[in-house]
Amino acid sequence: MSLQILNTLTRTQQEIIPRGGLGHTLSLYTCGPTVYSYAHIGNFRAYVFEDLLQRHLQTRGFIVRRVMNITDVDDKTIRGAVAAGISLAEFTQPFKEAFFADAQTLRLLRAESYPEATDPVQIARMMSMITTLMERGHAYQAEDGSVYFRIASFPNYGKLARVDLEGQRPGQRVASDEYEKEAVADFALWKSWVPEDGGVGWESPWGKGRPGWHIECSAMATGLLGETIDIHCGGVDNIFPHHEAEIAQCECAGHGVAPFVRYWMHCAHLMVEGSKMAKSQGNFYTLRDLLAQGWTGREVRYALISVHYRASLNFTREGLGAARTALARLDAWFLRLTEAAAESATSDPPDQSIEGFFTALDDDLNISGALAVLFETVRESNRMMDQGMLTPAQARGLLEWYGRVNGVLALEPDQSADQLPVEVQQLLDDRAAARSAKEWKKSDELRDQLAALGWLLKDTKDGQRISKS
RNA sequence: GGCGGGGUAGCCAAGUGGUAAGGCCGGGCUCUGCAAAAGCCCCAUGCGACGGUUCGAUUCCGUCCCCCGCCUCCA
C-alpha cells in the first residue's frame with residue numbers, strides 16, 4: 001500500500017507523491033510558534049503530529065525538506081515587549097530558546113530551517129509579494145494606511161475551508177474600526193503603524209508598519225520551498241482564515257500556474273481533562289508545567305502521539321499515567337530482548353506481519369493500528385521467551401525491527417548518563433554483599449535506606465536495578 | 001445559521017456487511033527469601049437513539065439526540 005493522507009483540500013485520502021515524482025524531494029511546511037509566551041501542550045500536539053509525519057515519510061524513503069516558521073512579530077509579541085519596556089527582539093528571544101528546548105525534550109526532529117518573520121530577508125520578501133499583489137489589483141491601501149487583500153479579486157477564496165462568502169455578508173460582524181476596508185473579510189497584508197506598536201515598525205512603500213500574520217507564512221513558505229509546496233500542516237483552527245489567506249496571497253502573487261499547496265493536513269485540538277484548554281479554566285499547561293509535575297518528555301510525547309492526529313485528544317493525568325506504564329513495558333521488553341539476542345551475531349527476519357506497523361501508518365498515520373502491532377509483537381515475543389522458544393537470532397531480528405519502529409516513535413528511554421551518588425553506590429554494594437551472604441534482614445534495611453533517599457530498588461535475576469522514585 | 005470532526009467496555013482508542021485490535025485500570029496465576037518489578041491469562045452478545053435495506057449491520061440508508069472545533073490574526 002502506498003502512503004496516503006487525508007487532504008483537507010479535497011477531503012479525500014490521497015497517495016503522497018512529491019511534485020517532482022516519487023524519489024524527488026518532498027517539501028513540507030509546518031506552521032510554527034508565535035513566540036510571545038511558552039508554547040502550550042496543545043501547540044506541541046501539532047508539532048508532535050508533524051514529527052510523526054516527517055519520521056514516517058523518511059522511513060518510507062521520502063527525502064523531506066521541512067521548514068517551520070517562527071512568528072516573532074504580531075499583536076501579542078508587540079504588546080508583551082511594550083509592556084515589558086524592552087525591544088521586540090529582547091522580548092521574544094527567551095521564548096524562542098524555550099521553544100527549541102521544549103522541542104528537544106519532546107524529541108522533535110529539527111526542520112531544515114526556522115525562518116523568522118522579522119528577518120530582513122523575509123520582510124523584504126513580504127514587501128515584494130505585497131507589491132505584486134497591489135500591481136495586480138489584488139490588494140489596496142485603505143485610508144488608515146494599511147494594505148488589505150481584496151478577496152473579491154480571488155474567486156477561489158474559500159476553497160480550502162469551503163466557506164461561502166455570500167453567506168457572510170457584512171452586517172452584524174463588522175467591527176467599528178474596520179470601516180476603511182472594502183469588504184469585511186478582506187484581511188491585512190500590511191498593518192500601518194499605530195502608537196501602541198511602540199518602537200516596532202518597518203519603513204515600506206506604504207509607510208511605516210508591520211506585516212500581517214498571513215503574509216509572513218506565505219512569504220517564508222514560498223521563499224524557502226518554492227511556489228508550490230507539497231505538504232502544509234497546521235491545526236484545524238488555521239484552516240480558516242489563516243491558510244485560506246495564504247492560498248489567496250500565494251496564488252495571486254505567484255506565476256499562477258500551480259497551486260500553492262498540494263496536500264493540506266490539519267490536526268485536531270486537544271482538551272484537558274475533558275474540557276477545552278483555557279487559562280480561565282486553570283487547565284492550561286506548558287511542557288514546563290508537566291515536567292515540574294514529574295512527567296518526562298517522552299511520556300508527554302507518548303501521550304500526544306498515541307491518539308490519531310485528526311481526533312481530538314483528551315489530555316489527562318490518567319493518560320499520562322497510561323503512557324508511563326506502557327513505556328515501562330516497552331523498556332522491559334527491549335531489555336529482555338537485548339539480553340536474549342546478546343549471543344547472536346546474526347539475525348532472523350521476523351514474521352512479515354509485523355511490517356503491519358508501517359502499513360498502518362501508511363493509512364493516514366493510523367497510529368492506533370501501528371501501536372496495536374507493536375504491543376501484539378511484544379506479547380507474542382514475551383510468550384516465546386517465557387517458553388524458551390525465541391532464538392537469539394530471532395531476538396536480534398526483532399530488535400532490528402524495533403529499531404526501525406523507534407525511528408518513527410522515538411520512545412527510547414532517556415539516557416541516564418549521571419553517575420550514581422557515591423553513598424548510593426556504597427549502599428548498593430553493601431546490599432549486594434549482604435544478599436550473596438543471604439543476610440535478608442540487612443538487605444531489607446539497606447533497601448529501606450535507599451528508599452528514604454528517594455531510590456527505588458528492584459531485584460532482577462541479573463542483580464539489583466535502581467531508579468529514582 | 002454555514003462548514004468541519006466525533007459519539008465503540010471504568011478510561012484512552014482501532015476496525016469490518018458476517019459476528020468487536022491495542023493501551024491503561026481491575027481480577028487471576030507464574031517467578032521471586034520478602035517487597036517491588038516483570039511475564040502470561042481473563043475482562044464489551046456490545047459499538048449514541050429509533051426506524052429501514054439485508055440471510056446477516058457496530059459497519060449501508062433515513063430520521064433524531066449529544067459532544068467538540070472553525071466562521072473574531074488560538075495548534
Side-chain angles (χ1 to χ4, degrees), chain A residues 8 11 30-34 39-50 71 74-76 158 161-168 173 175 178 184-185 187-188 191 212-217 233-242 244-245 266-271 274-278 302-303 306-316 318-333 335-336 356 360 363 366-376 378-379 382-383 385-387 435 438-441 443-444 447-448 451 456-461 465 467 469:
Chain A
T8 308
R11 308 290 158 101
T30 50
C31 279
T34 300
H40 61 251
I41 201 64
N43 295 321
F44 283 114
R45 198 265 167 113
Y47 307 145
V48 167
F49 141 63
E50 288 153 1
T71 297
D74 81 320
D75 290 351
K76 289 184 189 135
R162 307 205 168 177
V163 294
D164 177 14
L165 287 179
E166 295 304 307
Q168 302 190 333
R173 261 212 183 97
E178 292 181 328
V184 206
F187 54 89
K191 308 179 89 164
W213 179 39
H214 312 307
I215 198 73
E216 293 178 11
C217 274
C233 303
V236 284
D237 56 312
N238 280 157
I239 295 174
F240 194 90
H242 186 50
E244 200 68 60
H266 294 94
C267 71
H269 279 190
L270 65 68
M271 307 211 291
S275 303
K276 180 177 181 179
M277 181 169 70
Y302 186 96
S306 61
V307 174
H308 184 77
Y309 75 94
R310 283 190 293 105
S312 72
L313 187 164
N314 189 13
F315 192 79
T316 62
E318 190 177 352
L320 282 167
R324 175 170 290 177
T325 310
L327 286 168
R329 191 164 155 219
L330 288 177
D331 292 348
W333 170 74
L335 226 52
R336 193 179 180 197
D363 181 15
N366 182 350
I367 189 69
S368 297
L371 289 175
V373 173
L374 172 58
F375 282 101
E376 277 166 4
V378 167
R379 180 152 27 77
N382 269 329
R383 194 155 36 201
M385 286 189 275
D386 283 351
Q387 298 167 349
R435 287 179 62 72
K438 295 196 185 297
E439 297 172 22
W440 306 126
K441 192 177 172 188
S443 165
D444 291 348
R447 182 167 63 201
D448 290 343
L456 193 65
L457 197 67
K458 301 166 193 169
D459 293 312
T460 73
K461 63 182 183 335
R465 190 161 288 153
S467 61
S469 59

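What's counted below: heavy atoms across the whole structure, side chains too, no hydrogens, waters or symmetry copies. All values derive from a computational prediction rather than experimental measurement. First the proteins, then the strands, lettered A, B, ... as listed; each starts at 1.
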Would you classify A:Gly234 as touching base, sugar-phosphate or nothing, given that sugar-phosphate means primed atoms plus P, OP1 and OP2, and contacts are heavy atoms under 4.0 Å?
sugar-phosphate
Counting only side-chain nitrogens and oxygens, does A:Ser306 get under 4.0 Å of the OP1 or OP2 atom of B:A13?
no
Protein-nucleotide distance (A:Phe375, atom CZ; B:G22, atom P), rounded to Å:
12 Å
Any N/O donor-acceptor pair, A:Arg162 side-chain to B:C70 base, under 3.5 Å
no
A:Thr325 side chain, from C-beta outward: closest of B:A13, B:A38, B:C25:
B:C25
Integer-rounded Å distance: B:C31 P and A:Gln387 CD:
15 Å
Per side chain to side chain contact (heavy atoms under 4.5 Å, CB included), A:Tyr47 is matched among A:Cys233, A:Pro33, A:Cys267 by A:Pro33
Taking C-beta and beyond as the side chain, do A:Leu371 and A:Ser306 meet within less than 4.5 Å on heavy atoms?
yes
Once you apply a heavy-atom cut-off of 4.0 Å, does A:Lys438 come out as touching a base, just sugar-phosphate, or nothing?
nothing
Where the side chain of A:Arg435 is defined as all heavy atoms beyond and including C-beta, which of B:C41, B:A75, B:C34 is the nearest nucleotide?
B:C34
From B:A75, B:C11, B:G33, pick the nucleotide closest to the side chain of A:Cys267?
B:A75
Which whole-number value in Å describes the distance from A:Asp331 CG to B:A38 C1'?
12 Å
Determine the contact category for A:His308: base if any of its heavy atoms lies under 4.0 Å from a base atom, sugar-phosphate if only primed atoms, P, OP1 or OP2 are that close, otherwise nothing.
sugar-phosphate
Quick one: is B:C40 close enough that its OP1 or OP2 comes under 4.0 Å of any side-chain N or O from A:Asn382?
yes
Under 4.0 Å: is that the gap between some side-chain N or O of A:Lys276 and OP1 or OP2 of B:C67?
no
From B:A75, B:G22, B:C24, pick the nucleotide closest to the side chain of A:Ala372?
B:G22
Base of B:G39, side chain of A:Arg336 - is there a donor-acceptor contact under 3.5 Å?
no
Could you check whether A:Ile367 gets within reach of a base, just the sugar-phosphate, or nothing at all, counting any heavy atom under 4.0 Å?
nothing
Does A:Ser443 get its side chain close enough to the base of B:G33, under 3.5 Å, for a donor-acceptor pair?
yes
Once you apply the 3.5 Å cut-off to both distances, tell me the Watson-Crick or G-U wobble partner of B:U63, or none.
B:A49
Side-chain heavy-atom pair A:Val307, A:Leu270 within 4.5 angstrom cut-off
no
Side-chain atoms of A:Phe240 come closest, of B:C34, B:C71, B:A13, to B:C71
Taking atom types as they are modelled, is there a donor-acceptor pair under 3.5 Å from the base of B:G15 to the side chain of A:Asn366?
no
Looking only at heavy atoms, the pair that brings A:Ala161 and A:Glu244 closest together is N-OE1, 2.8 Å
B:G56 and B:C42, which share atom name P, separated by this distance in whole Å:
32 Å
A:Glu376 side-chain proximity, nearest of B:C74, B:C11, B:A21:
B:A21
Regarding A:Arg379, tell me which of base, sugar-phosphate or nothing describes its non-hydrogen contacts under 4.0 Å with the strands shown.
sugar-phosphate
Is a side-chain donor-acceptor pair under 3.5 Å present for A:Asp237 with A:His269?
yes
Base, sugar-phosphate, or nothing for A:His269, non-hydrogen atoms under 4.0 angstrom?
base
A:Phe187 vs A:Pro241 side-chain heavy atoms within contact, under 4.5 Å
no
Partner of B:G1 by Watson-Crick or G-U wobble geometry, both contacts under 3.5 Å, or none?
B:C71
Which part of the nucleic acid does A:Arg310 contact within heavy-atom distance under 4.0 Å: base, sugar-phosphate only, or nothing?
sugar-phosphate
Once you apply a heavy-atom cut-off of 4.0 Å, does A:Arg329 come out as touching a base, just sugar-phosphate, or nothing?
sugar-phosphate
Between CG of A:Leu270 and C1' of B:C67 the distance, given in whole Å, is 16 Å
